[in-house]
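Some notes on the structure that comes next.
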Amino acid sequence: MVEKRTPLPVINAVERVLECALSLGTEKIELEESFGRILAEPIIASSDVPSFDRSPYDGFAIRSVDSVGATGDNRIAFKVIDHIGAGEVSTKKLAAFTAIRIMTGAQLPEGADAVVMFEQSVETEESMTIRKPFKALENVSLQGEDLRKNEVVINSGSYINPGTIALLATFGYSQVLVAKQPFVGILSTGTELLAVNEELEPGKIRNSNGPMIVAQLKRMGIRCKMYGISIDQLDESYEVVKKAATETDCLITTGGVSVGDFDFLPAIYERLGAEVLFNKVAMRPGSVTTVAVANGRYLFGLSGNPSACFTGFELFVRPALLKMMSASKPYLPHTTARLGENFTKANPFTRFVRALYDGKIVSPAGFNKSNAVSSIARGNALIVLPGGTRGYQSGDLVDVLLLGMEEGSDKWKL
Ligand SMILES: Nc1nc2c(c(=O)[nH]1)N[C@H]1C(S)=C(S)[C@@H](COP(=O)(O)OP(=O)(O)OC[C@H]3O[C@@H](n4cnc5c(N)ncnc54)[C@H](O)[C@@H]3O)O[C@H]1N2
Ligand code: MOO
Ligand SMILES: [Mg+2]
């Protein structure tokens, strides 16, 4: 008799997986290597930014009091007593009706509290004149206006984006404490599978899931080892899975998780003594997605069907790996959008439809069965359609999960 499996709602399944995330600890790396990693310490401002009052324009530093009463008919003249560029500090102090020629980024000279842009002045040989009064601090970039010393600027657990790199550099972090990354193994199971460079034979297909997952990991910046293809044979598959599971922090297998005569992953988990978190999720595709834990390590049994495999990775593997790195935003980023066409096929399970999102409208990306490869390539998002008895109409507001974005969300929010 075929085994009866109880489907778990997607949200519960995701949470169940994340609860089991083992932390991998931290490591110090060079700043240049840190893009895309997860910060394992807060960034604290070690100085004000900017750390001195400076000129935001090319022009003249003046004392604002000297500009009182300036008009087009009553231009006020300033004697130019020095000339500084960014990086230079004037040794002169401004006296009444003197100015210092100053370039963008240069520290404001002593006594100065306003900057006249070149465009606001008329120059003569030794002086310049202005036709309007300047307020105190007009055209001045103030010390600490961006960030204050000792402020927590970015929290631990944040994704290091190019802006984070700029901040780290600003505060002199030549090395950064980041979360260690999981080392992931990938094993494609299936007697029907051929390597990419092999010729098609009757009944066989090329292994597309393996390379796809390598790429899904790559876009998270995570390294992996390919364990190749394993035929559907219990003892043989068991040995490969066992070896791979001990060599990696997390093993992803594809195929062999359903109830077929040659679906051996359930038996392999049993032999390994792994705890199966679930083996059925109330979702389509990917309902047979199975997640187990052995010796604190994840065993992701993704479905062999390409769209189910892809979706299983994005919904379960991705957040789990991010959680292992204590990322504060492990979930896929999401939004809502109007459905671009009718989706009339009702399903009791939550549907994740590979889709194209253009910022406003989201439409299914073509052939959308669990075994589809084409719509994975054509899509950049997943439409989330809650299960039920009705279909969806063009114009309906739907939830959308965004794919391929660098930064995630702190909420599952569906
Ligand atoms: N009696 C039932 N049959 C099936 C059920 C069910 O509930 N009862 N579930 C169906 C669903 S839903 C799915 S999804 C599949 C899942 O099957 P498996 O995860 O066991 O995967 P396989 O049987 O090994 O393969 C399924 C399909 O995917 C192709 N495949 C496998 N690996 C790859 C790969 N690396 N690259 C490309 N394509 C791959 C494989 O050839 C099969 O066509 O089970 C349903 N059956
Ligand atoms: O698990 Mo299957 O992908 O629902 O089609
Ligand atoms: Mg199967």
Side-chain angles (χ1 to χ4, degrees), residues 1-10 13 185-198 200-217 224 226-234 236-237 240-241 244 251-269 276 278-292 299-317 345-354 364 367-377 382-387:
M1 231 209 5
V2 70
E3 169 202 352
K4 176 111 179 70
R5 298 183 181 182
T6 314
L8 200 60
V10 184
I186 303 170
L187 174 67
S188 307
T189 74
T191 304
E192 75 278 28
L193 299 180
L194 298 169
V196 178
N197 57 1
E198 289 184 283
L200 286 181
E201 296 168 27
K204 306 265 184 181
I205 59 166
R206 294 194 184 95
N207 170 19
S208 62
N209 289 341
M212 175 177 71
I213 294 172
V214 174
Q216 283 175 291
L217 287 166
C224 63
M226 281 274 246
Y227 284 87
I229 294 166
S230 158
I231 58 164
D232 295 318
Q233 204 281 330
L234 178 56
E236 204 175 309
S237 293
V240 188
V241 170
L251 176 66
I252 302 171
T253 58
T254 69
V257 282
S258 186
V259 293
D261 295 341
F262 306 102
D263 289 335
F264 290 124
L265 264 298
I268 291 171
Y269 296 138
V276 175
F278 52 80
N279 59 14
K280 188 94 183 167
V281 187
M283 63 188 267
R284 227 6 40 111
S287 63
V288 295
T289 305
T290 301
V291 183
L299 301 167
F300 287 98
L302 301 185
S303 164
N305 270 325
S307 282
C309 177
F310 175 84
T311 308
F313 179 96
E314 296 295 332
L315 293 189
F316 299 106
V317 182
K345 225 171 132 197
N347 196 287
F349 287 173
T350 305
R351 253 182 211 282
F352 293 87
V353 185
R354 271 87 51 227
F367 181 67
N368 236 301
K369 284 191 182 160
S370 176
N371 57 4
V373 186
S374 57
S375 50
I376 311 173
L382 294 171
I383 302 173
V384 187
L385 300 176

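Residue indices begin at 1 and follow the sequence shown. Side chains included, hydrogens not; waters and symmetry mates left out as well; all remaining heavy atoms used. First listed ligand is number 1; within each ligand, the first listed atom is number 1. Computed from a prediction, not measured in an experiment: that's the story for all the values here.
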Suppose I only count heavy atoms of [X] and a 4.0 Å limit; which atoms of ligand 1 are within that range?
X: Ile205; answer: 37 (C), 38 (N), 39 (C), 41 (O)
X: Arg284; answer: 12 (S)
X: Thr254; answer: 35 (N)
X: Ser370; answer: 14 (S)

Which residue and non-hydrogen atom of the protein lie closest to [atom], and at what distance in Å?
atom: atom 27 (C) of ligand 1; result: Asn305 OD1, 3.2 Å
atom: atom 35 (N) of ligand 1; result: Asn207 OD1, 2.8 Å
atom: atom 24 (O) of ligand 1; result: Gly256 N, 3.0 Å
atom: atom 9 (N) of ligand 1; result: Ser258 OG, 3.4 Å
atom: atom 37 (C) of ligand 1; result: Ser208 OG, 3.3 Å
atom: atom 40 (C) of ligand 1; result: Glu192 OE2, 2.9 Å
atom: atom 33 (C) of ligand 1; result: Asn209 ND2, 3.2 Å
atom: atom 23 (O) of ligand 1; result: Asp263 OD1, 3.4 Å

Please indicate whether any nitrogen or oxygen in [X] is less than 3.5 Å from any nitrogen or oxygen in ligand 2.
X: Ser370; answer: yes
X: Asn305; answer: no
X: Pro285; answer: no

[X] side-chain N/O to [Y] backbone N/O, donor-acceptor pair under 3.5 Å:
X: Ser237; Y: Ile231; value: yes
X: Ser307; Y: Ala372; value: yes
X: Asn368; Y: Arg354; value: yes
X: Arg5; Y: Ser258; value: yes
X: Thr290; Y: Val288; value: yes
X: Gln216; Y: Phe310; value: yes
X: Lys204; Y: Thr191; value: yes

Side chains of Thr189 and Thr253, donor plus acceptor under 3.5 Å: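 The answer is no; no qualifying pair exists.
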Within-4.5 Å side-chain heavy-atom neighbours: Val196 and Pro211: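 The answer is yes, as the side chains (C-beta and beyond) meet within the 4.5 Å cut-off.
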Student check: side-chain heavy atoms of Leu302 and Thr289 closer than 4.5 Å: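 Of all side-chain heavy-atom pairs linking Thr289 with Leu302, at least one is under 4.5 Å.
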I'd like to know if [X] contacts ligand 1, where contact means a heavy-atom distance under 4.0 Å to any ligand atom.
X: Gly260; answer: no
X: Lys280; answer: yes
X: Met212; answer: no
X: Asn371; answer: no

Go through ligand 2 atom by atom and flag the ones less than 4.0 Å from a non-hydrogen atom of [X].
X: Ala308; result: 3 (O)
X: Gly286; result: 1 (O), 2 (Mo), 3 (O), 4 (O)
X: Val288; result: 1 (O)

Closer than 2.8 Å to the Mg ion (ligand 3) - protein N, O or S atoms, ordered by chain and residue number: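 Atoms qualifying: Asp263 OD1, Asp263 OD2.
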Other residues, nucleotides, ligands: >12 heavy atoms within 6.0 Å of Phe278 CZ: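 Check passes, neighbour count above 12.
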Could you say whether the N/O atoms of [X] and ligand 1 ever approach to under 3.5 Å?
X: Gly286; answer: no
X: Gly304; answer: yes
X: Ser287; answer: no

Euclidean distance, Ile205 CD1 relative to Glu198 CD, rounded to 0.5 Å: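 So the CD of Glu198 and the CD1 of Ile205 are separated by 12.5 Å.
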CG on Asn305 to CG on Asn209, rounded to 0.5 Å: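 Between Asn209 CG and Asn305 CG, I get 8.5 Å after rounding to 0.5 Å.
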Selection from Asp261, Val259, Leu193 by shortest heavy-atom distance to atom 8 (N) of ligand 1: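 Shortest heavy-atom distance from atom 8 (N) of ligand 1: Val259.
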Residue selection (non-hydrogen contact nearest atom 4 (O) of ligand 2) among Lys280, Lys369, Arg351, Arg284: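 Heavy atom nearest to atom 4 (O) of ligand 2 belongs to Arg284.
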